[in-house]
A.B. asks: 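Let me begin by handing over the structure; questions about it come next.
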Amino acid sequence: MSDSILRFENISKTFPGVKALKNMSFEIRRGDVHVLLGENGAGKSTLIKILTGVYQADEGGTIYLNEKPVQIHDILQSRKLGIGTVFQENSLIPHLNVAENVFLTREIRTASGTIDWKRTYEECERWIRELGVDHINPRTQVRRLSVADQQIVEIVKVFSQNPSIIILDEPTSSLSEHEIKNLFRIIETLKKKGVTFIYVSHRMEEIRQIGDRATIFRDGELTGEIENCKTADMDEIINMIVGRTLEEKFPARESCIGEVLFEVRDIQVPNTIYDISFRLHRGEVLGFSGLVGSGRTSTAKAIIGAIPRTSGEIYINGRQVRVTNPAEAIANGIGYLPEDRKVEGLILSKSVKENITLPSLKRKFSKGVILDAKKERKTAEEYREKLRIKTPGINRLSKFLSGGNQQKVVFAKWLCSEANIYIFDEPTRGIDVGAKSEIYQIINDLVGKGAAVIVISSELPEILGICDRVLVMRDGRITADIDRRDATQERIMSYSI
Ligand SMILES: Nc1ncnc2c1ncn2[C@@H]1O[C@H](COP(=O)(O)OP(=O)(O)OP(=O)(O)O)[C@@H](O)[C@H]1O
Ligand SMILES: [Mg+2]
């Protein structure tokens, strides 16, 4: 008997102006964690959306489930077939609470037919404990949760449906080591029970940690298959993904740290962050590490005035400045790249070009009241090239771009605004391995020109690879200030938990 649970045969998908998938054929074996790899825009999510009935494939292809051809018309049908999916985009309903979201459309009922809230909350709590994220309360409204916690709720929701195939499209993109470890532990347990996983990630180290077999996509075509992820050569995989030899993951930089450019004293947000004080120098890349929920994003938001602080002072070049809202932050040269790009960073209904140039239109592209359209276009084109934003053109609406390419647009927008103090919240979240190193190079260039950069990141290799100094946060406080030379993953972790 064959152990193939899923088989794709000649799957193609055409969008206006883009052939997202071209004759994809491969199979997935029962009980495997099958990893899909490829650059931003390679077609991974499109294949997943075809498998879940969100999109219909072009004529001529077939999907076999347990060796039987299936036609999947919508997400409900895919769920009935035992396929559970954590999509790349958040699909939760913001004004419902955690438990309501988890059990939406499959409510637990009492004998008399009313919703059994006691059991609903118990079940939800059980999964939250399994994932080791006890700080999430099943009664909290989803819109009040951080991006990372929302991602965890999506995972809880799908796992609690007991599917036989679980698709995870970048489930760890905003999780930190701790939560990822728990997630992987659960995946291993479910695997032993025969559950099959389809797993998408741009975090290279995860391929070996969790993967069994892998399929590599490039421009919608299959370019490589890995029989055993545990023994595969990582450099070779990276080359297959990007289609060229990648020089260095973390481009080298001569550290040249100047005087104090930016200082924060005693920032407080009640019940969130306490006594946050630190200094940031010209030419310095300062990392913020910590578990999900440790207060890193709240710190950034309190600094730029996006959430109100009850105390705290901000100094630039030794002079106290008033920053009580994001507009004042921009006026003082503080640029903040938010972690939640969909909500805070990108206007989906506007073009790539408009998104990149919008915040700097007045300052950079206008002569009096006249807009310098040529310069605007040229700048957008430059960023598109530099960051390898995959789109048929800069006039394309952002909503048609793949997740990672949307991230790149938001990144370009903040670069274009030309601040001299940058706060990047998870700058490479969802970005492919090739473009990641471009982003590190850009960060190097910024500090090389005398800017100062804060990088909030849940990826420890990234923190160690690009930062001069690391602040670790736990429960809303800074617990350590470690020089790059003394920083190790273990040391950072020891201050995080
Ligand atoms: N609804 C759509 N309309 C038009 N084009 C689309 C649509 N969805 C995806 N595309 C295009 O199809 C291609 C593949 O996109 P897809 O989202 O599958 O990439 P991906 O491999 O998941 O990338 P990422 O790693 O960034 O998530 C991209 O060029 C994208 O712009
Ligand atoms: Mg995708």
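Both counts, for ligands and for their atoms, begin at 1 and track the order of listing. As the structure is a prediction and not an experimental result, all values here were calculated from the model.
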A.B. asks: Can you tell me the protein heavy atom closest to atom 1 (N) of ligand 1 and the distance?
C.D. replies: Y55 OH, 3.1 Å

A.B. asks: Looking at K390 and E39, does any basic side-chain N land under 4.0 Å from a carboxylate oxygen?
C.D. replies: no

A.B. asks: Kindly indicate whether a cation-pi arrangement holds for K68 with Y64, taking the cut-offs as under 6.0 Å to the six-membered ring centre and within 45° of the axis.
C.D. replies: no

A.B. asks: Parallel, tilted or perpendicular: which fits the ring planes of F26 and F8, with parallel below 30° and perpendicular above 60°?
C.D. replies: tilted

A.B. asks: At what distance is the nearest protein heavy atom to atom 29 (O) of ligand 1, and which residue and atom is it?
C.D. replies: V18 CG1, 3.6 Å

A.B. asks: Holding to side-chain contact (heavy atoms from CB on, under 4.5 Å), I want the full list of residues that pass it with K80, two or more places apart in sequence or in another chain.
C.D. replies: none

A.B. asks: If we only count N/O pairs under 3.5 Å, is G430 in contact with ligand 1?
C.D. replies: no

A.B. asks: Any nitrogen or oxygen of G41 lying under 3.5 Å from a nitrogen or oxygen in ligand 1? Just yes or no.
C.D. replies: yes

A.B. asks: For D58 and T14, test the side chains for any donor-to-acceptor distance below 3.5 angstrom and give the result as yes or no.
C.D. replies: yes

A.B. asks: Which bit of N40 is near ligand 1, meaning a heavy atom under 4.0 Å away: side chain, backbone, both or neither?
C.D. replies: both

A.B. asks: If you measure from the Lys or Arg side-chain nitrogens to the Asp or Glu carboxylate oxygens, is any gap between K436 and E459 under 4.0 Å?
C.D. replies: yes

A.B. asks: Side chains of T62 and E9: do they bring a donor and an acceptor to under 3.5 Å?
C.D. replies: no

A.B. asks: With a 3.5 Å cut-off and no angle check, do the side chains of Q406 and S398 form a donor-acceptor pair?
C.D. replies: no

A.B. asks: Tell me: protein heavy atom nearest atom 27 (O) of ligand 1, and distance?
C.D. replies: Q88 NE2, 2.8 Å

A.B. asks: Answer with side chain, backbone, both or neither: which part of K408 has a heavy atom less than 4.0 angstrom from an atom of ligand 1?
C.D. replies: neither

A.B. asks: Looking only at protein heavy atoms, which one is nearest to atom 16 (P) of ligand 1, and what is the separation?
C.D. replies: T46 OG1, 3.5 Å

A.B. asks: Would you check whether L401 has a nitrogen or oxygen atom less than 3.5 angstrom from a nitrogen or oxygen atom of ligand 1?
C.D. replies: no

A.B. asks: Is the distance from the ring center of Y336 to that of Y422 below 6.0 Å?
C.D. replies: no

A.B. asks: Could you establish whether Q406 and ligand 1 come within less than 4.0 Å of each other, counting only heavy atoms on the residue side?
C.D. replies: no

A.B. asks: Could you check whether atom NZ of K350 has more than 12 heavy atoms from other residues, nucleotides or ligands sitting under 6.0 Å from it?
C.D. replies: no

A.B. asks: So how many protein N, O or S atoms does the Mg ion (ligand 2) have within less than 2.8 Å?
C.D. replies: 2

A.B. asks: Heavy atom under 4.0 Å from ligand 1: found in F400's side chain, backbone, both, or neither?
C.D. replies: both

A.B. asks: Looking at atom 9 (C) of ligand 1, what's its closest protein heavy atom, distance included?
C.D. replies: F15 CE1, 3.5 Å

A.B. asks: Using distance alone, with no hydrogens and no angle criterion, decide if S160 and E123 have a side-chain donor and acceptor under 3.5 Å apart.
C.D. replies: no

A.B. asks: Quick one: does G38 get a heavy atom under 4.0 Å from ligand 1?
C.D. replies: no

A.B. asks: Side chains of S458 and E177: is there a donor and an acceptor less than 3.5 Å apart?
C.D. replies: no

A.B. asks: Note the single closest protein heavy atom to atom 12 (O) of ligand 1, along with its residue, its atom name and the distance in Å.
C.D. replies: A20 CB, 3.4 Å

A.B. asks: Is it true that E188 and R185 make a salt bridge, defined as a side-chain N closer than 4.0 Å to a carboxylate O?
C.D. replies: no

A.B. asks: Under a 3.5 Å cutoff, is there a donor and acceptor pairing between the side chains of H34 and T196?
C.D. replies: no

A.B. asks: Can you confirm, on distance only, whether ligand 1 has an N/O atom lying under 3.5 Å from any N/O atom belonging to S402?
C.D. replies: yes

A.B. asks: Any heavy atom of K49 sitting closer than 4.0 Å to ligand 1?
C.D. replies: no

A.B. asks: So, regarding G404 and ligand 1 (criterion: nitrogen or oxygen to nitrogen or oxygen, under 3.5 Å), is there a contact or not?
C.D. replies: yes

